[in-house]
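Throughout, protein chains are lettered first and strands after them, A, B, ... in sequence-line order, and every chain is numbered starting at 1.
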2 protein chains.
Amino acid sequence: MKRSAAPSAPRDGATAPTTADLRREQLLDAAFALVAERGLEGLRTRDVAARAGVNVATLHYYFASKEDLIVGLVDLVRAKFTARPPIPAGAKPRQELSIRAHLDAAWWVFTSDPRLDSVLLELVSRSSRDPVAREAFRTLHDDWNRIVADELRAAASAGTIRSDLDPIAGARVVTSYIIGARLQLGVNPMAFVPSDVDDELERLLRPAGERQARKGGGAPTARIRTSKSR
Amino acid sequence: MKRSAAPSAPRDGATAPTTADLRREQLLDAAFALVAERGLEGLRTRDVAARAGVNVATLHYYFASKEDLIVGLVDLVRAKFTARPPIPAGAKPRQELSIRAHLDAAWWVFTSDPRLDSVLLELVSRSSRDPVAREAFRTLHDDWNRIVADELRAAASAGTIRSDLDPIAGARVVTSYIIGARLQLGVNPMAFVPSDVDDELERLLRPAGERQARKGGGAPTARIRTSKSR
DNA sequence: TGGTCCATCAACCAGTTGATTGACACAACC
DNA sequence: GGTTGTGTCAATCAACTGGTTGATGGACCA
C-alpha cells in the first residue's frame, strides 16, 4: 500500500526538531558522505540507510524515492555552500577590499568541509539532466552574482577598486574564478595556493593609481582594441 | 576463458585505421553520447553497445571492463577539449591580445559540441575518485595553464597587456574563469553572454595607459565598451 | 582444403538494485 | 482499555547489471 506523502519536510521555524526531522537529517548526512566517497554514480539507497543506522524501508518512509533523496541533498549542499564563517568576537571587518573578504569566506566554506567540493560538483554535473537541481543552482548562482556585484559597486564607490568596472560582468569574472579555482584544486590540490592567485585578482581590480608603475615606462602606447569579439 | 589483452589501442601514427580502431571509436562515441544524455550515473554497458550497434560481448572484446571504457572516454574528452578551431584561409592572426583569441577558441570548442560541457564535468567530477582521470586532468590543467602563462608573458612584453602581472597567477585567473564560466553557463545558458564578460576581463588586463581615466580625470577617455551586459 | 585468427553474437549467470509488503512496537488520545 | 497514527524492520520481488561462455562465420595463409 502506498504510504502517505513524505512526513514533514524540514521545518524552518524555531520549533524544536521532531524525530522525523532528525532522521531526515541523518539520512541526508549519510547520503552526503556517501556521494563524497563514491559519487552519485555509486550511491545506493541501502548504503545510505545503513550509514544512517536504519532499514532501507525507513529511508523510503522519509524519501519517496532515491530521486527524492537527491533533491533533499541539493538543499543540504546549498545550505552548506551559503554558510559563512562565524565572525570572531573582536575582529575588525576588512573594509578595504570587501571582495577579498568574499574570497576568503568562499575558501573557508570549502576548507571547513573538504567533501563539499566534490558533492557540489557532482550535483551541478547532474543538474544538466535534473530540472530541480538546475533550478536550485540557477538561483544560487544568480543570488551569488548579485551579492558580488553589490560588493563591487560598493568598493568602487569607496575607491578601493577601480571605477571603470562593470559590476555585473565583473561579478561573473569573480564568481567564475572561484568556481574554476575550486575545480582545478579538486583535480590537484597542489596546483596553486588560492591566496596567491587572489592577490593577482586583487591587483587587477585595484585602482590605477595604486598599481605598480609599468616596467621601463616608455611612451604609453594608447592602443585601443576596437574589434568586437570574434 | 579470459580473452587476450584488449586489441590494439588507438594507433597514433598515420597508418590507416583498422577495423578495430573504428569499432573502438564507435563505442567511445556511443559512450560519449550516452554520458551526455544520462551521466555516468546512468551509463550502462548494454546501452553503449546497442548504440554502437554491437553486442555487449563485443564491447567487452574491446574494453576489458566498464572502467576501461571510461578511461578511454577520458582520452576522447581530452582530445575534444584540446582541439582548436580551424584557421580560416585568409584570416590574419589576431596578435593584439592573444588572450582574447584564446578565450574565443575556448568558447568555440564548447560551441562546436554542446555535449562536451556536461561530459567533461562528469569526468572531472569523477576524477576525485578515479586516479587515472585525475592524472589526465591534472596534466591537462598544467599544460593549459602553461600555455596561457606563455601567452600572458608574450602579451605583456608586446605591451598589449599590463606589465605588472604575474603570468603564473594570471594564468590561473584566466583558466579558472573559463572553467567557472562554462559551469555557470551549463546551469543557465542565459546567465550571461561570454563575450561581454570577456570584455570585462580584457579590460582588467589592459595596460594602465589604455584604461579609462578615473572618474573626474580630464584626459580623453578611450572607453571602448560597447555593450552593457544584461 | 584445411587450419588459424579475428570479430561477433545469443544465451546465460551471479549478484545487485530500488522499491514494496505485512507485521510490530510504541506513544498519544479518547 | 481500545483505537489510531508514527516509525521501524525482516523478508521479498521483479528488473537490471557487468561480465562470461561457447559457438559461428569470414578472411587470410599454406
Side-chain angles (χ1 to χ4, degrees), chain A residues 1-11 15-31 34-35 37-73 126 129-130, chain B residues 1-11 15-31 34-35 37-73 126 129-130:
Chain A
M1 183 212 324
K2 186 75 190 157
R3 287 235 167 51
S4 54
S8 59
R11 42 222 5 266
T15 16
T18 65
T19 322
D21 292 336
L22 290 175
R23 191 60 87 199
R24 253 186 83 95
E25 201 183 313
Q26 282 174 9
L27 285 163
L28 286 176
D29 281 347
L34 283 169
V35 170
E37 284 175 24
R38 311 176 202 175
L40 286 167
E41 194 185 343
L43 186 69
R44 304 286 174 259
T45 52
R46 272 172 174 69
D47 300 340
V48 175
R51 181 166 298 215
V54 298
N55 187 280
V56 214
T58 304
L59 181 148
H60 277 101
Y61 180 76
Y62 291 97
F63 299 94
S65 64
K66 186 183 181 179
E67 201 73 5
D68 197 31
L69 175 70
I70 295 178
V71 170
L73 194 56
R126 188 175 207 269
R129 275 156 272 125
D130 173 359
Chain B
M1 183 216 318
K2 188 69 188 161
R3 285 233 166 53
S4 55
S8 59
R11 42 218 9 265
T15 17
T18 66
T19 322
D21 291 337
L22 289 174
R23 189 61 87 199
R24 252 187 84 94
E25 200 183 313
Q26 281 174 9
L27 286 163
L28 287 175
D29 281 347
L34 282 169
V35 170
E37 284 174 24
R38 311 175 200 175
L40 285 167
E41 195 185 342
L43 185 68
R44 304 287 174 256
T45 52
R46 272 171 173 67
D47 299 341
V48 175
R51 178 164 301 212
V54 298
N55 187 279
V56 216
T58 304
L59 182 149
H60 277 101
Y61 180 75
Y62 290 96
F63 299 95
S65 66
K66 184 182 182 179
E67 202 73 5
D68 197 32
L69 176 70
I70 294 177
V71 170
L73 194 56
R126 187 174 208 270
R129 274 156 273 127
D130 173 358

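Between B:Leu59 and B:Thr45, the shortest heavy-atom distance links the atoms CD1-O, 3.6 Å. Residues A:Arg23 and A:Tyr62 approach most closely at CG-CE1, 3.2 Å, considering heavy atoms.
As a whole-Å value, the separation of B:Leu34 CG from D:dG18 P is 12 Å. Counting to the nearest Å, the P atom of C:dT16 and the NZ atom of B:Lys66 are 15 Å from each other. What separates CZ of B:Phe63 from P of C:dA7 is a distance of 13 Å, to the nearest Å. Distance, A:Tyr62 OH to D:dC9 P: 10 Å, rounded to whole Å. Here C:dA7 presents its P atom at 16 Å from CD of B:Glu25, a figure rounded to the nearest Å. Between the C1' atom of C:dA7 and the CG atom of B:Leu22 lies a distance of 13 Å, rounded to the nearest Å. Look at CG on A:Asp21: it is 14 Å from C1' on D:dT6, rounded to the nearest Å. Remark: C1' of C:dA7 and CG of B:Leu59 are 14 Å apart, rounded to the nearest angstrom.
The distance from atom CG of A:Asn55 to atom OH of A:Tyr61, rounded to the nearest 0.5 Å, is 14.0 Å. Here A:Ile70 contributes atom CD1 and A:Leu28 contributes atom CG; the two are 11.0 Å apart, rounded to the nearest 0.5 Å. Once rounded to the nearest 0.5 Å, the distance linking CZ of A:Arg46 with CG of A:Leu34 reads 14.0 Å. Atom CG of A:Leu73 and atom CG of A:Asp68 lie 11.5 Å apart (nearest 0.5 Å).
Within the 4.0 Å cut-off from OP1 or OP2 of D:dT8, not a single side-chain nitrogen or oxygen of A:Tyr61 is found. Listed pair A:Arg23 / D:dT6 fails the phosphate criterion, with no side-chain N or O lying under 4.0 Å from OP1 or OP2. OP1 or OP2 of D:dT8 has not a single side-chain nitrogen or oxygen of A:Asn55 nearer than 4.0 Å.
Residues from residues 38-48 of chain A placing a heavy atom under 4.0 Å of any atom in DNA chain C, listed by number, are A:Leu43, A:Arg44, A:Thr45, A:Arg46.
Partners of B:Arg129 by side-chain contact (heavy atoms from CB on, under 4.5 Å), not counting sequence neighbours, listed by chain and number: A:Glu41, A:Glu122, B:Ser125, B:Arg126.
With D:dT20, C:dA7, D:dA10 as the candidates, the nucleotide lying closest to the side chain of A:Ala57 is D:dA10.
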